[in-house]
Amino acid sequence: MNIPYTVEERPDTGLPNGKLGIWLFLASEVMLFGALFSTYIILRVGAPEWPHGELNVWLGMANTFILIGSSVTMVMAWASLKMHDWGKHRLYLMLTFVLAGVFLVNKYFEYASHWTRGEVPSHSTFLAIYFTLTGLHGLHIVGGMIVMAYFIGPGAKLWQRNPDQFTNRIEFTGLYWHFVDLVWIFLFPVLYLL
Amino acid sequence: MEKTGIHPGGEHAHVHVHGAGEHHEEELGFWRKYVFSFDHKVIGIQYAVTGLLFLLFGFTLMMIMRWQLAYPGKPIPLIGAWLGQDRAPMGIMLPEFYNQLGAMHGTIMVFLGVVPLAVGGFGNFVMPLQIGAPDMAFPKLNMMSYWVYFLGGVTMLASFFQRGGAAQSGWTSYPPLAVISPGQTLWLVGMIFLITSSLLGSVNFITTIVQLRAKGLSYMRLPFFVWAQFVTAFLLLLAFPPLEAAGILQLMDRLAGTSFFMPSGLVVSGKPLTIAGEGNPLMWQHLFWFLAHPEVYVLILPAMGIVSEVIANNTRKPLWGYKALVYSVVFLGFMSFIVWAHHMFMTGMGTTMSAFFQTTTMIISIPSVVILTALLLSLWGASIRFTTPMLFALAFLPMFGIGGLTGLPLGLAPSDIHLHDTYYVIGHFHYVVAPGTIFALFAGIYYWFPKATGRKMNDMLGAIHFWGSFICINLVFMPMFIQGLGGMNRRMYDGGLQYAHNAGLLKYNVVIGFAAWGLGLFQLPFIYNFFSSLKWGALVDRNPWEATTLEWSAPSPPGHGNFLTEPIVYRGPYEYSMPGSVRDFTPQFEPEKA
Amino acid sequence: MHTDRESIRKHVRVYWMIGAALFAFTVITVAVNQVHLAIPLAITVALIIATLKGSMVGSVFMHLSSEKKWIYGALLLTVLFFIVLMSVPLFTQMDNIGTPIGASNPSHAEPPRH
Amino acid sequence: MLNYLGLPVQASAHAGEIDEMIVLVHWLMAILFVGWGLFFVYVLFRFRKSANPKASYTGAKGKISKGLEVAVAVIEIVLLVFYAIPAWAKRVKAFPSENEALIVRVVGEQFAWNVQYPGPDGKFGRTDVKLVAPDNPLGLDRRDPDAKDDVTTINQLYLPVDRPVLVHLSSKDVIHSFGLYEMRVKQDAVPGLSIPVWFIPNRIGEYEIACSQLCGLGHFRMRGFVTVQSAADFQKWMNDQLKDLQPAAAATPAATPAATTPR
Ligand code: HEA
Ligand code: HEA
Ligand code: CUA
Ligand SMILES: [Cu+2]
């Protein structure tokens with residue numbers, strides 16, 4: 001007996017296994033970042049005063065654009081598969097990967113500038129929160145890039161053997177990637193603007 | 001990768017694709033078969049054995065502690081000499097080592113012993129069989145969760161051998177103490193491994209139960225054990241991440257010098273700490289208990305599931321109030337997310353929130369009462385077979401009863417003033433986890449051993465194991481209530497020797513000590529039974545217990561893919577002694593006779 | 001999702017539009033931030049916009065606008081507990097009968113200058 | 001029941017109330033456990049296989065269980081509404097007025113209890129972590145006029161009988177817990193917070209402060225002493241302390257710069 005519903009949907013739930021799996025995983029991610037945001041709130045409410053204009057809004061905004069862009073290219077990578085346009089899919093997936101890379105490079109310069117100014121995590125509650133939240137988010141970016149690299153490289157072979165499963169996997173990667181983007185959409189105002 | 005406009009199979013015309021984890025029915029090498037196997041049964045057994053070994057280890061730590069409590073400052077016999085200068089010079093235990101043993105006993109028992117055995121072991125092995133699935137939904141992920149758990153275990157064990165020893169701030173690891181104490185870093189890293197493993201596991205469990213149920217197996221036909229595992233998986237999925245986050249924050253506090261949990265103006269041993277400050281130590285407690293209360297239900301729900309299976313099978317009648325059981329367990333799971341601060345009444349909680357948490361705590365006790373009542377009433381009109389698993393399952397009921405009932409005075413803030421952090425708490429939760437959960441796990445081992453190995457465990461040894469453990473374990477934990485009510489604090493290196501109000505309570509420390517070591521001795525028949533039965537146990541067929549649930553329709557032990565033919569379910573899980581049927585059990589997988 | 005090429009084409013158009021909208025909203029948040037509002041107001045505005053953006057990503061890019069009941073169920077549960085996690089520790093903190101001690105900070109790490 | 005539970009003597013005004021609750025809950029527990037226990041033993045005997053070879057498919061009938069569960073729920077609600085919640089409110093809301101109560105600061109540290117009385121002026125002197133020194137564990141600034149008459153002790157808490165005590169509890173380093181078992185008082189001492197605790201000692205005698213929160217390797221020996229005396233004896237003790245103070249107040253400890261310790 002093989003494991004059913006790895007590709008096709010189970011009639012009564014209308015879902016393939018992976019779809020439910022990835023969403024459950026994202027649910028746990030929500031709680032992970034939830035705890036961090038909750039800590040942020042507690043610390044901020046308890047703090048005598050909270051710094052403003054600590055961070056470079058323009059860098060943050062640039063990164064927001066980059067991530068939103070990458071979300072669009074990601075969903076396009078999946079849509080092109082749906083339309084059986086392999087070439088476009090490759091293009092968009094690689095584009096997403098590159099954008100993710102650019103995001104990290106940008107982040108690196110941001111970190112570096114803080115570091116050189118001696119603004120390290122131990123310096124203040126705000127910086128501690130800033131580095132922890134963005135650092136964890138950065139790790140999620142790296143994770144996403146690894147997955148994409150796999151589907152650009154070795155993972156791509158699956159397309160020949162089983163296009164629908166490949167399409168599903170790209171969709172799930174997308175779901176994860178959009179979540180990472182979504183987290184940033186909240187991180188940006190919370191850390192850079194408020 | 002060349003560009004292909006056209007591609008095969010747009011509509012998946014029943015191309016039966018090998019799913020995640022390509023199956024290799026053809027013989028696999030030793031490594032892929034026994035070590036890095038994708039098969040849920042192998043992984044389940046890996047989990048179970050590792051969990052058992054950790055239980056034994058955690059218990060050993062405690063047997064050493066109980067010596068110090070019974071005879072404070074006396075050299076530890078036998079092993080004392082080996083412990084080393086920085087733990088027990090001349091065999092006499094140091095306070096810091098006592099604290100390490102306490103913290104690691106708690107951590108190991110909960111996160112490395114019971115959860116892996118109850119969820120990783122029984123859940124992995126039994127649940128897919130009971131829902132008629134060929135395997136878990138994500139076999140590779142399943143293997144990963146085991147090995148990540150294994151890494152976590154190794155990290156925890158290794159932490160004993162670093163300079164300064166293992167974590168020593170209690171399994172609760174309250175900052176600021178945890179942040180400034182040695183050993184904590186490895187504990188945190190280990191926890192992050194364990195949490196990651198549990199998260200992967202729970203995703204897998206939920207998906208499997210929702211997606212891979214056999215034909216005809218509707219939710220209200222699920223064995224109660226599967227329901228318990230289902231709710232448990234949700235608890236793990238949603239309650240664990242906050243502790244992971246908290247763990248990361250405490251790591252930052254230790255390694256990056258941040259002060260998430262460190263307030264301003266700390267003065268440690270006369271010297272002000274040079275940190276930014278403005279942190280909040282209570283936030284850790286919130287994040288910790290946000291996990292740790294649901295966690296305690298993670299410890300009990302699978303146990304209740306096992307007990308229900310065993311009781312239904314050995315009473316030869318349907319469980320009383322199956323629906324009530326299901327609703328209660330779901331409600332229990334839901335409520336367990338909003339009671340956590342009943343562990344924090346003494347942190348200065350005001351009237352509003354204490355009223356809230358006392359109320360939720362009282363509410364959550366009701367479904368437990370319902371569950372126990374249902375199980376007790378299931379015995380009425382039964383034809384009880386006192387098999388070895390049944391002995392343990394029956395003992396579970398009053399033992400959980402004691403543990404649960406003693407939770408009530410703790411749940412009321414004013415009475416908790418007196419009982420908080422005394423041995424009453426220790427007694428309370430050990431009655432639920434030790435003679436409760438541990439006994440249920442024993443029941444499960446005796447019950448499913450034949451399915452896993454094709455052989456039965458010896459009943460004589462089983463009986464010795466049961467009666468010995470039952471008596472000893474009560475002698476261990478019952479006196480703790482007396483000590484607690486008398487005001488003896490927990491986590492006391494000298495067992496509260498110095499305090500006047502403990503004078504009359506110290507004698508029990510000796511009783512408990514001997515009972516604990518006796519309990520240890522009575523595990524030997526079990527360990528022997530466990531291993532010898534693998535070789536010499538009586539061979540059994542598919543359904544030695546004449547049970548009704550799906551796992552008994554598969555061969556013992558089941559081969560790869562579990563079932564020879566795709567199972568179909570025709571009825572509820574516990575159709576025993578059905579009126580008008582010849583035999584006293586009608587399996588779920590037995591077609592209606594036309 | 002068994003969507004044929006045509007409906008996908010329609011989707012694609014939506015994706016690009018949403019992308020544009022997200023860009024626009026980002027610009028707005030930053031713009032609003034440049035005119036210095038009172039902190040509470042600024043926070044509410046920024047969070048409202050963020051929530052708007054978030055729900056766009058969720059409902060369109062992640063297809064939440066048309067999902068299956070199991071996923072809605074799981075997410076509903078998550079959202080519930082997320083809210084608990086956000087609010088209850090804060091409430092408990094506020095309810096605490098203790099008063100913070102403004103201990104003079106011994107460290108050399110002054111609060112960040114601005 | 002009270003006599004069987006073996007609780008420590010009651011040495012504070014509210015101890016009886018707490019014990020009453022403990023007793024009530026244990027009655028509920030006892031009744032449930034004994035009731036079900038008897039049922040349990042009975043069914044095990046009556047429905048053993050040899051006695052009842054054929055199990056009944058329907059099993060137990062009737063609504064008794066529902067009634068039982070409802071009863072438990074009702075009793076729990078009563079306990080909550082009429083005992084627990086009001087009793088707790090008395091602990092954390094109904095604090096005695098500043099002038100009737102004896103006010104004292106207790107600061108936990110690894111592994112001792114520092115006690116500070118405001119003295120005749122009723123004002124606590126300024127404290128500063130920079131001033132913390134072996135001879136000045138609280139970092140009390142003796143140059144501060146309010147501090148001149150502040151009486152400090154270590155591990156010695158003297159209290160007058162039958163007068164409300166309001167303790168401002170805090171900690172210098174880690175979380176400790178201020179446990180007075182005979183007084184039925186327990187409150188965590190959380191660094192960064194000053195938490196009020198109040199009670200009325202009503203029984204002259206010697207008692208102990210038991211640290212009830214793991215606070216490191218000395219947790220087990222973090223013991224303080226409470227001496228409850230008649231108002232007169234207490235005044236006498238206080239006056240002696242004030243006399244001893246004069247030299248101490250003269251020699252003001254120089255501010256020791258905060259030595260830095262990497263963790
Ligand atoms: C499996 C684990 C488990 C379970 C199931 C429970 C169940 C409960 N727990 Fe427990 N608890 C722990 C594990 C568990 N607990 C642990 C580990 C700690 C300590 C952590 C630490 O500090 O280190 C703790 C601590 C703890 C505290 C904090 C105490 C303190 O630190 O001051 C509180 C307070 O409210 C509490 C309450 C409860 C309540 C109300 C229940 C209720 O759910 C119980 C409901 C059950 C019943 C009411 C039983 C019904 C019985 C019958 C119907 C009679 C049956 C009789 C016969 C069969 C004869 N628990
Ligand atoms: C699941 C949780 C669990 C379990 C099962 C146990 C089991 C036991 N615990 Fe545990 N304990 C805790 C969780 C648990 N404990 C926690 C969380 C704490 C608090 C720590 C802290 O303060 O921070 C604690 C603290 C604690 C204390 C208080 C220490 C202190 O406060 O200073 C004591 C004291 O006696 C104690 C004793 C025991 C005993 C005698 C058992 C016995 O019941 C042991 C029973 C075990 C067995 C019977 C082993 C069975 C396994 C086998 C026989 C293996 C067979 C192997 C193969 C076949 C391969 N425990
Ligand atoms: Cu201080 Cu324990
Ligand atoms: Cu709890």
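Here is how names work: the chains are called A, B, and so on, in the same order as the sequence lines, proteins then strands, and each is numbered from 1.
The candidate with the highest count of non-hydrogen atom pairs below 4.5 Å against chain A, out of C:I43, C:L90, C:I71, is C:I71. When each of C:N33, C:V79, C:L75 is checked for heavy-atom pairs under 4.5 Å with chain A, C:N33 comes out on top. With respect to chain A, the highest number of heavy-atom pairs below 4.5 Å among C:T51, C:I49, C:I18 belongs to C:T51. In terms of heavy-atom pairs under 4.5 angstrom with chain C, the leader among A:I68, A:T13, A:T64 is A:I68. When each of C:V30, C:L47, C:V32 is checked for heavy-atom pairs under 4.5 Å with chain A, C:V30 comes out on top. Chain C forms the most heavy-atom pairs under 4.5 Å with one residue out of A:F188, A:Y192, A:F65, and that residue is A:F65. Note on C:W16, C:F25, C:W70: by heavy-atom pairs under 4.5 Å with chain A, the leading option is C:W16.
Summarising the geometry of C:F23 relative to A:G69, their closest heavy-atom pair is CE1-N, 4.2 Å, with the distance given to 0.1 Å. Residue A:G118 comes nearest to A:H123 through the heavy atom pair O-CD2, 3.5 Å, listed as atom of the first residue, atom of the second, then distance. In plain terms, the two heavy atoms of A:P189 and C:A46 that are nearest each other are CB-CB, 4.1 Å.
If you measure heavy-atom distances from A:W177 to chain C, you find no contacts under 4.5 Å at all. Interface residue C:M94: only side-chain heavy atoms are found under 4.5 Å from chain A. Only the side chain of A:V57 has a heavy atom closer than 4.5 Å to any heavy atom of chain C. Interface remark: A:V190 contributes side-chain atoms only to the contact with chain C (heavy atom separation under 4.5 Å). Of the two parts of C:L64, only the side chain, counted from C-beta on, holds a non-hydrogen atom closer than 4.5 Å to a non-hydrogen atom of chain A.
Residue C:Y72 places its OH atom among more than 12 non-hydrogen atoms of other residues, nucleotides or ligands, all under 6.0 Å distant.
Counting only heavy atoms from C-beta outward, the side chains of A:T132 and A:L136 never approach each other to under 4.5 Å. In this structure, the side chains of A:M76 and A:L95 stay at 4.5 Å or more apart for every pair of heavy atoms. Contact of the A:W78 side chain with the A:R169 side chain is not registered, since no non-hydrogen atoms from C-beta on lie closer than 4.5 Å. Counting heavy atoms from C-beta outward, A:H137 and A:F103 have side chains that approach closer than 4.5 Å.
Residue A:E54 holds its CD atom at 11.5 Å from CG of A:L191, rounded to the nearest 0.5 Å.
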- Query: Can you list the steps and then say if A:F131 with A:W115 is a ring pair (Phe, Tyr, Trp, His ring centres under 6.0 Å)?
  - Reply: CA-CA 11 Å; A:F131 277 106; A:W115 226 269; 5.4 Å; yes

- Would you check, one step at a time, whether the test ring pair (Phe, Tyr, Trp, His ring centres under 6.0 Å) holds for A:H89 with A:F151? CA-CA 11 Å; A:H89 159 73; A:F151 286 122; 8.7 Å; no

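For residues 21-43 of chain A, the interface with chain C (any heavy-atom pair closer than 4.5 Å) comprises A:W23, A:L24, A:L26, A:A27, A:V30, A:M31, A:G34, A:A35, A:F37, A:S38, A:I41, A:I42, sorted by residue number.
Using a 4.0 Å cut-off between charged side-chain N and carboxylate O, A:K19 and A:E9 make no salt bridge.
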